[in-house]
Asker: 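Structure incoming, see below.
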Amino acid sequence: MLTEDQNTIIYIMFLNGIIFLGLNFIAQVIVFPGERGSKVRGYMFIVAAITAFSAQQEFRGLVALGFSAEKIQMILC
């Protein structure tokens, strides 16, 4: 069994993956937008919301591990 801190670290690693993939998709849509009438921009906004939520959850996870808010902001920005 894993401890609570180890579970939090694994959760933060999972969130980092979601954030990376979300930012990659958003960058691709900005660089290569779809043709007129494409649904890609709508998907981009959905992915942006999920990415923002993941960053917020990562902030909460790092606070749970005992990091200060100032250090977390330096890590996430």
Side-chain angles (χ1 to χ4, degrees):
M1 290 303 269
L2 298 174
T3 66
E4 187 66 32
D5 288 344
Q6 290 171 331
N7 285 333
T8 304
I9 291 170
I10 291 171
Y11 182 60
I12 289 172
M13 291 169 58
F14 174 72
L15 291 173
N16 275 329
I18 291 175
I19 291 170
F20 174 76
L21 292 174
L23 291 176
N24 185 25
F25 178 76
I26 292 169
Q28 270 189 321
V29 171
I30 290 172
V31 174
F32 304 112
E35 68 272 355
R36 189 167 173 87
S38 176
K39 295 180 182 178
V40 176
R41 286 190 183 161
Y43 293 141
M44 181 190 69
F45 288 121
I46 293 170
V47 169
I50 292 170
T51 303
F53 176 74
S54 298
Q56 183 181 20
Q57 290 299 107
E58 186 171 351
F59 182 86
R60 289 181 182 175
L62 289 171
V63 167
L65 287 176
F67 286 90
S68 68
E70 294 82 25
K71 287 184 182 180
I72 297 171
Q73 287 176 350
M74 287 177 24
I75 291 170
L76 293 179
C77 293

Asker: Is F45 reachable from V40 through a run of hydrophobic residues whose side-chain heavy atoms are each under 4.5 Å from the next?
Answerer: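 Per the 4.5 Å side-chain linkage, V40 and F45 are co-clustered.
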
Asker: How many angstroms lie between OG1 in T3 and CD1 in I9, if you round to the nearest 0.5 Å?
Answerer: 7.5 Å

Asker: Would you be so kind as to tabulate the donor-acceptor pairs closer than 3.5 Å made by side chains of residues 52-69, with sequence neighbours excluded?
Answerer:
{"unit_1": "S54", "atom_1": "OG", "unit_2": "I50", "atom_2": "O", "d": "2.9"}
{"unit_1": "Q57", "atom_1": "OE1", "unit_2": "R60", "atom_2": "NH1", "d": "3.3"}
{"unit_1": "Q57", "atom_1": "NE2", "unit_2": "Y11", "atom_2": "OH", "d": "3.4"}
{"unit_1": "S68", "atom_1": "OG", "unit_2": "K71", "atom_2": "N", "d": "3.4"}

Asker: Just checking E4: does its CD atom have more than 12 heavy atoms from other residues, nucleotides or ligands closer to it than 6.0 angstrom?
Answerer: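 No - once you tally the heavy atoms of other residues, nucleotides and ligands closer than 6.0 Å, there are 12 at most.
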
Asker: Scan for side chain to side chain donor-acceptor pair (under 3.5 Å) pairs involving residues 26-51, sequence neighbours excluded, and state none if there are none.
Answerer: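 Those involving residues 26-51 do not exist here.
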
Asker: With clusters defined by side-chain heavy atoms of hydrophobic residues (ILVMFWY) lying less than 4.5 Å apart, directly or transitively, does I30 cluster with F25?
Answerer: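 Hydrophobic grouping puts F25 with I30.
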
Asker: Would I18 end up clustered with I46 when hydrophobic side chains under 4.5 Å apart are linked, directly or stepwise?
Answerer: yes

